[in-house]
Number of protein chains: 2
Amino acid sequence: MANLKQIAAELSLSVTTVSRALKDGPEVQPSTIARVKEAAKRVGYLPNHHGRALKTGRTQTLTAVLPMETRDHLSDLLKLPLIEGMTLAARQAGYSLSIYSTTPDDDPVESVQRQLQARSADGLVITRLVSADPRVKLLLDKRMPFVAFGRTDMDIAYPYVDVDNEQIAYEATRRLMDKGCRRIALQLLVPEDQASAMRLSGYGRAMAEAGIPIDPSLIGHGMFTMESSAGWFDRLLASSDPPTGLACANELGLLGALHALGKRGLTPGRDVHIVTRDSTRLARFLPAKIGVHSVDMAGVGRKLIEVLESRIINPLGPVETVLVQGRFEPAE
Amino acid sequence: MANLKQIAAELSLSVTTVSRALKDGPEVQPSTIARVKEAAKRVGYLPNHHGRALKTGRTQTLTAVLPMETRDHLSDLLKLPLIEGMTLAARQAGYSLSIYSTTPDDDPVESVQRQLQARSADGLVITRLVSADPRVKLLLDKRMPFVAFGRTDMDIAYPYVDVDNEQIAYEATRRLMDKGCRRIALQLLVPEDQASAMRLSGYGRAMAEAGIPIDPSLIGHGMFTMESSAGWFDRLLASSDPPTGLACANELGLLGALHALGKRGLTPGRDVHIVTRDSTRLARFLPAKIGVHSVDMAGVGRKLIEVLESRIINPLGPVETVLVQGRFEPAE
DNA sequence: GCTGACCGCCATAACGTTACCGAATTCGAC
DNA sequence: GTCGAATTCGGTAACGTTATGGCGGTCAGC
């Protein structure tokens with residue numbers, strides 16, 4: 001409703017001067033700036049987002065592309081603190097955050113293409129990277145500021161924030177070994193997923209150090225729902241040589257595994273040792289002996305926005321990369 | 001990059017004609033429409049969001065104001081399917097969804113004021129309504145299309161989607177009674193919260209029907225974290241006349257309660273009967289006997305967007321209100 | 001053959017903002 | 001007293017889109 005023209009008319013100034021005064025332009029007399037700001041406050045002026053965006057080409061919005069693992073909205077719970085961390089940080093930096101959820105039916109590359117063409121965001125957050133993720137090259141080519149949550153194994157420099165999945169998986173495996181486990185099961189998401197690859201790598205490193213050969217049948221893929229985790233772990237428990245330790249992919253994987261254990265009357269921490277990621281602090285509240293490590297996902301969200309923002313401000317600056325460590329609960 | 005002017009120049013048409021052709025304007029020859037559309041596809045034309053918004057006053061974005069219960073990102077988990085349901089429905093309707101997270105420090109009314117002044121959204125989703133919510137009147141006055149997730153007890157017509165908390169709490173309480181419980185504890189969020197008020201009402205109705213007087217000491221407020229729930233329930237269990245049944249506020253409340261039970265070596269389903277809401281399907285996977293009922297939060301999200309959309313299209317149309325029922329797991 | 005209706009298209013203006021250039025005034029310096 | 005520089009402001013144009021009035025041409029009706 002209130003716009004520059006109205007303020008200008010009221011103060012007998014030009015629109016240009018009002019615009020400049022509101023951003024403390026050096027070409028405007030201090031007394032005029034004060035008058036303009038007072039009037040702007042009085043009429044409740046807020047700059048029109050679209051007028052500004054049209055003129056400057058910058059939109060003051062960021063878009064996060066977040067994949068849903070399944071069609072029926074059973075997503076990894078750590079997304080919630082991630083979203084909340086991102087929106088708060090974005091707001092603080094003067095941006096608004098748009099969420100673009102994609103289903104497994106959506107092509108990830110096409111989703112990014114859409115965002116590129118619509119150019120309605122100043123920057124993009126992409127997640128769930130795969131080993132040779134074509135989106136990275138695409139966004140770099142098109143010079144669209146972005147930050148990745150996750151890494152690729154490509155030999156290109158690009159800004160990312162990632163969790164040190166390799167180290168986390170290594171430590172998780174070591175913890176299970178400390179409990180005496182030698183047959184250790186590992187939950188992963190999709191094999192192409194870089195985070196899963198890193199976790200497998202950390203798992204492999206710990207196993208190699210201990211001189212334990214890796215049994216592929218103990219490694220489960222597609223563990224993003226409680227159902228798949230429960231079914232998979234149930235089959236493992238029924239095998240002739242069941243695992244004595246388990247490293248879960250996330251809270252959902254944990255709950256599925258607990259379900260399978262409960263069905264068989266087994267007790268976690270006694271019959272099978274379990275370590276899980278727990279960014280929602282859910283696992284540590286369960287009345288069961290479970291080793292937990294957590295990653296501050298809200299912090300990751302904030303960091304993502306920070307990196308993205310500095311990328312937007314200075315697209316040619318140094319490429320920031322952040323590697324976030326997990327925090328393990330002290331072993332009892 | 002590609003805009004109407006380029007297409008017009010390429011086809012030796014006017015910008016006006018191209019614009020009309022792309023929306024199948026009746027004033028344009030069918031053959032011209034075909035030519036324009038072909039060219040648009042070829043150059044990868046997508047309408048500039050801000051140019052259109054500036055001209056038409058409509059932005060094609062919706063904003064959902066979502067409060068975080070605590071400062072440290074431990075929010076009610078049902079928000080995740082809610083967000084996913086909303087973004088998908090919004091995308092399908094041609095809108096993008098912006099998330100505006102608020103902390104407990106933010107004033108809810110001021111948050112809405114901000115959105116109003118910035119007028120960068122065509123519609124608003126507000127949540128966590130209180131009994132006499134000033135936001136409803138404010139938005140109605142300013143003629144900003146909105147939909148509420150939750151209700152007030154004000155005597156004004158406004159569009160909302162709500163969960164039938166009264167009925168759910170009634171049924172939950174009845175279930176606990178069927179198990180033989182008479183001392184039934186109830187978890188609520190903030191007392192001003194309308195959802196909590198409804199749950200208290202349904203609880204009261206069931207108790208009255210059974211002729212059981214209500215013991216205020218069994219009703220806990222502020223149960224949005226696992227910690228608060230655990231502490232509260234632990235104190236209840238330590239009392240001289242501990243509860244034998246518990247109706248949890250949500251998954252977090254449940255986990256807190258389970259924690260308190262576990263600490264004392266008590267077993268849910270035997271020592272204390274528990275019923276909980278479970279929109280993430282988390283509770284039913286726990287290896288514990290817990291009665292669960294769920295609300296399809298993704299469906300609620302979709303419904304919210306549907307109602308909001310029809311509100312935007314026809315602001316003077318009938319006020320849609322939707323009451324979503326919970327679904328109880330069959331009692332064993 | 002003239003009128004009027006209609007079809008298909010164009011030119012212009014406007015949404016609110018900012019970038020750019022230019023103009024008016026003041027002031028100090030010589 | 002003249003000149004140039006600095007200060008302070010205004011006018012114009014442009015971002016990409018759509019709404020509006022209008023304009024030439026065709027065609028049916030009388």
Side-chain angles (χ1 to χ4, degrees), chain A residues 1-40 43-61 94-96 116-122 312-313, chain B residues 1-37 39-40 43-61 94-96 116-122 313:
Chain A
M1 332 267 171
N3 56 13
L4 290 182
K5 202 193 283 185
Q6 287 176 24
I7 299 179
E10 192 173 335
L11 300 178
S12 301
L13 286 172
S14 77
V15 176
T16 306
T17 304
V18 174
S19 169
R20 282 201 273 240
L22 288 175
K23 47 177 69 65
D24 287 312
E27 316 104 314
V28 185
Q29 215 175 342
S31 64
T32 310
I33 292 187
R35 276 172 61 216
V36 169
K37 286 196 171 174
E38 189 275 329
V43 301
Y45 171 79
L46 272 187
N48 182 295
H49 180 232
H50 299 102
R52 177 178 284 177
L54 188 57
K55 180 61 188 169
T56 63
R58 287 178 303 118
T59 68
Q60 296 301 111
T61 65
Y95 291 88
S96 66
L116 271 172
Q117 295 193 320
R119 59 200 170 295
S120 53
D122 290 342
I312 291 171
I313 292 173
Chain B
M1 330 263 171
N3 56 12
L4 290 184
K5 204 193 282 185
Q6 287 176 25
I7 299 180
E10 191 173 335
L11 300 179
S12 300
L13 286 172
S14 77
V15 176
T16 306
T17 304
V18 174
S19 169
R20 282 204 271 239
L22 287 175
K23 47 176 69 65
D24 286 312
E27 316 101 316
V28 186
Q29 215 176 343
S31 64
T32 310
I33 293 187
R35 278 172 59 217
V36 168
K37 286 196 172 174
V43 300
Y45 171 78
L46 271 186
N48 182 295
H49 179 236
H50 302 287
R52 177 177 284 178
L54 189 56
K55 180 61 188 172
T56 62
R58 288 178 304 116
T59 68
Q60 296 301 110
T61 67
Y95 291 87
S96 66
L116 270 171
Q117 296 194 320
R119 59 200 170 294
S120 52
D122 290 340
I313 292 174

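Throughout, a chain's letter reflects where its sequence line sits, starting with A, and its residues are numbered from 1.
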Take B:Gly51 and B:Ser31, find for each the nucleotide of DNA chain C with the closest heavy atom, and name the residue whose nucleotide sits nearer the 5' end.
-> B:Ser31
Whole angstrom is fine here: how far is it from CZ in A:Arg58 over to C1' in C:dA19?
-> 13 Å
Kindly say if A:Lys55 contacts the phosphate of D:dA13, meaning a side-chain N or O under 4.0 Å from OP1 or OP2.
-> no
Report yes if at least one side-chain N or O of B:Asn3 is closer than 4.0 Å to OP1 or OP2 of D:dG16; otherwise report no.
-> yes
For C:dC15, does OP1 or OP2 lie under 4.0 Å from any side-chain N or O of A:Lys5?
-> yes
Under the criterion side-chain contact (heavy atoms from CB on, under 4.5 Å), which of B:Leu54, B:Asn48, B:Thr56 is the partner of B:Arg52?
-> B:Thr56
Between B:Val18 and B:Thr56, just flag the one whose closest nucleotide in DNA chain C comes earlier from the 5' side.
-> B:Val18
Short side-chain N/O contact from B:Ser19 to OP1 or OP2 of D:dT18, under 4.0 Å | yes
Atom pair distance, as rounded to whole Å: CD in B:Gln60 and C1' in D:dG16 = 16 Å
Criterion side-chain contact (heavy atoms from CB on, under 4.5 Å) on B:Val36 and B:Thr17, from CA distance to verdict = CA-CA 9 Å; B:Val36 168; B:Thr17 304; 5.6 Å; no
With a 4.5 Å limit on heavy-atom distance, are the side chains of A:Ile7 and A:Glu10 in contact?
-> no
OP1, OP2 of C:dC9 versus side-chain N and O of B:Thr17: anything below 4.0 Å?
-> no
Kindly indicate whether the side chain of A:Ser19, heavy atoms from C-beta on, has any atom under 4.5 Å from the side chain of A:Lys23.
-> yes
Give the rounded distance in Å between these two atoms: CD1 of B:Ile7 and P of D:dT17.
-> 8 Å
Atom CG of A:Leu22 and atom C1' of C:dG16: how far apart are they, to the nearest Å?
-> 13 Å
Give A:Gln29 one of three labels, base, sugar-phosphate or nothing, depending on what nucleic acid heavy atoms sit under 4.0 Å from its own.
-> sugar-phosphate
Compare all side-chain heavy atoms of B:Arg35 with those of B:Leu11 and state whether any distance is below 4.5 angstrom.
-> yes
Respond yes when some side-chain nitrogen or oxygen of B:Thr32 is under 4.0 Å from OP1 or OP2 of C:dC9, and no when none is.
-> yes
Under 4.0 angstrom between B:Arg52 side-chain N/O and D:dT18 OP1 or OP2 = yes
Write down the distance between OH (B:Tyr45) and P (D:dG16), rounded to a whole number of angstrom.
-> 10 Å
Is there a side-chain contact between A:Asp24 and A:Lys37 (heavy atoms, below 4.5 Å)?
-> yes
Classify the side chain of B:Arg20 versus the base of C:dG8 as yes if they form a donor-acceptor pair under 3.5 Å and no if they do not.
-> no
Separation of atom CD in B:Gln6 from atom P in D:dG16, rounded to whole Å = 8 Å
Any donor-acceptor N/O pair under 3.5 Å between C:dA11 base and B:Thr16 side chain = yes
Sugar-phosphate, base or nothing in reach of A:Ser12, heavy atoms under 4.0 Å | sugar-phosphate
Can you tell which of C:dG16, D:dT8, D:dG10 lies closest to the side chain of A:Leu13?
-> D:dG10
Take atom CG of A:Asn48 and atom C1' of C:dC15, then tell me their distance rounded to the nearest Å.
-> 8 Å
Measure the distance from NE2 on A:His49 to C1' on C:dT18 and round it to the nearest whole Å.
-> 15 Å
